[in-house]
There are 2 protein chains.
Amino acid sequence: MKSLLAAKDLRLTPQREAIIKILLSKRNQHLSADDIYLLTKEAYPEIGIATIYRTLELFADLGMVNKLEFGDGCGRYEFNEGQEGHSHHHLICEKCGAIIEFNEDLLEDLEEIIARESKFKITNHCLRFYGYCEECQAKM
Amino acid sequence: MKSLLAAKDLRLTPQREAIIKILLSKRNQHLSADDIYLLTKEAYPEIGIATIYRTLELFADLGMVNKLEFGDGCGRYEFNEGQEGHSHHHLICEKCGAIIEFNEDLLEDLEEIIARESKFKITNHCLRFYGYCEECQAKM
DNA sequence: TTAGCTGCAAATTATTTGCATTCCG
DNA sequence: CGGAATGCAAATAATTTGCAGCTAA
């Protein structure tokens, strides 16, 4: 990732490193900017929230990070695994808010059909299922 | 929809009617709360933005309206067509921001697999493809 | 009549921006 | 050294809330 930055005359500052570490240590989670701010503060107390936002935007542009929105009023970020790796997908419980990931990638065919019909050049997709998780079903 | 409201002791006020009309007249668009506010104001100038938000949330709870987020910093709303009607999906151009709908519903099988494996009770889903529309491809 | 609604203004929350200062390469 | 990057505080923007007055059923 250092090379990703260097390629555009960007710098690897301690703040950026700290943020990367947090993101790496919380893989498979969906952190809000504020979550990341608080966590990063532990290792680097002087950091400001603006730096968090600026850094996350930068990382997202570089493809190192994915920004997600689950409709809870704030953006959520995660480290972007596998470069080309088609994004994993999410199961969201509408009762307790649990977010579970899964990795089936059965969308290729559908993607091809859509691309052909719409003449879109598709670069990515986002698939989510909403419903009730096992536990919440039990409680109902 | 009057009955939907009545069933919960809710009222069909002129404000709510005005908002429904706007939503109906702008099917297949994805209006922000502010868009809806400005449009509704034309027919009902005294309306306040808070009423717009409260009404949209209510309608979404009742299933009359879908709230969407496209990552542009604000929620977007659309009239919910076909009750059971599995939501249509979106193609989003990352260059010009165009949002195109399509209605293939080839997700049933996938949904079933996911439901079985995860023990989730799936009630809805959201599928989006990101990429470049025909026009933007031409310009590149 | 009376609970549900409304408009307004003030309060929140998430995110962005301006700027003087600091620091990586 | 010089442009990038940072922290801070102030500015935006979207959405929510409190409340006193209004109104649909």
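A, B, ... follow the sequence lines: proteins, then strands. Residue 1 opens every chain.
For A:Lys41, the NZ atom counts as densely surrounded, since its 6.0 Å shell holds more than 12 non-hydrogen atoms of other residues, nucleotides or ligands.
Counting heavy atoms from C-beta on, the side chains of B:Leu68 and B:Glu78 come closer than 4.5 Å. Counting only heavy atoms from C-beta outward, the side chains of A:Arg76 and A:Asp35 approach each other to under 4.5 Å.
Taking atom CD on B:Glu46 and atom P on D:dG21, their separation rounds to 19 Å, with Å as the unit. Whole-Å rounding puts the B:Glu69 CD to C:dA14 P distance at 13 Å. Between the CD1 atom of B:Ile20 and the P atom of C:dC5 there is a distance of 12 Å, given to the nearest Å. Rounded to a whole Å, the CG atom of A:Leu31 is 16 Å from the C1' atom of C:dA14. Going from atom CD1 of A:Ile49 over to atom P of D:dA10 covers 17 Å, rounded to whole Å.
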Using atom types as modelled, flag every donor-acceptor pair under 3.5 Å from a side chain in residues 43-55 of chain B to any protein atom, sequence neighbours excluded.
from: B:Tyr44; atom 1: OH; to: B:Gln15; atom 2: NE2; distance (Å): 3.3
from: B:Thr55; atom 1: OG1; to: B:Thr51; atom 2: O; distance (Å): 2.7

Could you give the side-chain donor-acceptor pairs of residues 17-26 of chain A under 3.5 Å, partners two or more places apart or in another chain?
from: A:Ser25; atom 1: OG; to: A:Lys21; atom 2: O; distance (Å): 3.4
from: A:Ser25; atom 1: OG; to: A:Ile22; atom 2: O; distance (Å): 2.9

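Contact between A:Gly63 and A:Asn80 at its shortest, heavy atoms only, is O-ND2, 2.9 Å.
Contact between the side-chain N/O atoms of B:Gln15 and the OP1/OP2 oxygens of D:dT23 is not found at any separation under 4.0 Å. Remark: A:Arg16 is in phosphate contact with D:dT6, judged by side-chain N or O atoms under 4.0 Å from OP1 or OP2. At D:dT6, one or more side-chain N or O atoms of A:Thr13 fall inside 4.0 Å of OP1 or OP2 (strictly under the cut-off).
With sequence neighbours excluded, the residues that form a side-chain contact (heavy atoms from CB on, under 4.5 Å) with A:Leu38 are A:Asp34. Applying the ring-ring contact (aromatic ring centres under 6.0 Å, His included) test to B:Phe70 and every residue at least two apart in sequence or in another chain returns B:His30, B:His90.
Positionally, the nearest nucleotide of DNA chain D for A:Pro14 lies more toward the 5' end than for the other of B:Arg76 and A:Pro14.
In summary, the side chains of B:His125 and B:Glu111 do present a donor paired with an acceptor at a separation below 3.5 Å, with no hydrogens or angles considered.
For B:Arg11 against C:dG4, a side-chain N or O and a base N or O form a donor-acceptor pair under 3.5 Å.
One end of the helix from C:dT1-D:dA25 to C:dG25-D:dC1 points its axis 40° away from the other end's axis, with each axis taken from 5 pairs and the angle rounded to 10°.
Within 4.0 Å (heavy atoms only), A:Asp34 reaches no atom of the nucleic acid at all. When heavy atoms are screened at a 4.0 angstrom cut-off, A:Tyr44 is found touching the sugar-phosphate backbone but no base atom.
Listed by residue number, the members of residues 50-57 of chain B with any heavy atom below 4.0 angstrom from DNA chain C are B:Ala50, B:Thr51, B:Arg54.
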